[in-house]
Amino acid sequence: MSTSVASLEFEPIGAGTRFTHVEHGVFFDQFWADGPNREAGTRGLLDALGNYVA
């Protein structure tokens with residue numbers, strides 16, 4: 001079991017946008033191996049966001 005809090009910031013710069021992603025995770029002792037699953041989930045969300053804005 002794990003949880004995370006993510007912050008996504010979009011900042012206009014010049015002719016584009018700066019995107020900043022910060023994520024903090026907490027893992028219970030026996031579930032430390034959950035990290036790759038949490039990373040895969042975040043990657044999937046960011047890929048979906050990229051597809052949406054494209």
Side-chain angles (χ1 to χ4, degrees):
M1 295 183 340
S2 63
T3 190
S4 67
V5 174
S7 173
L8 309 175
E9 181 180 357
F10 298 86
E11 178 184 359
I13 56 167
T17 302
R18 175 181 292 134
F19 171 69
T20 304
H21 169 247
V22 177
E23 188 164 4
H24 300 274
V26 176
F27 300 87
F28 292 97
D29 289 343
Q30 67 266 33
F31 297 101
W32 60 269
D34 193 35
N37 292 331
R38 185 148 301 282
E39 180 182 351
T42 298
R43 189 175 307 280
L45 291 172
L46 292 175
D47 286 344
L49 175 63
N51 290 334
Y52 178 77
V53 295

For residues 18-26, dump all side-chain donor-acceptor pairs below 3.5 Å to protein atoms at least two apart in sequence or in another chain.
unit_1	atom_1	unit_2	atom_2	d
Arg18	NH1	Glu11	OE1	3.4
His21	NE2	Glu23	OE1	3.3
Glu23	OE1	Thr42	OG1	3.0
Glu23	OE2	Ser4	OG	2.7
Glu23	OE2	Thr42	OG1	3.2

Distance-only check: which donor-acceptor pairs under 3.5 Å involve side-chain atoms of residues 46-54, not counting sequence neighbours?
unit_1	atom_1	unit_2	atom_2	d
Asn51	ND2	Asp47	O	3.3

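Judged as a salt bridge (charged side-chain N to carboxylate O under 4.0 Å, His left out), and not counting sequence neighbours, the contacts of Glu39 are Arg43.
In the hydrophobic clustering (ILVMFWY side chains linked at under 4.5 Å, chained through shared members), Val5 stands by itself. Taking a 4.5 Å side-chain heavy-atom cut-off between Ile, Leu, Val, Met, Phe, Trp and Tyr, the cluster of Leu45 contains only that residue.
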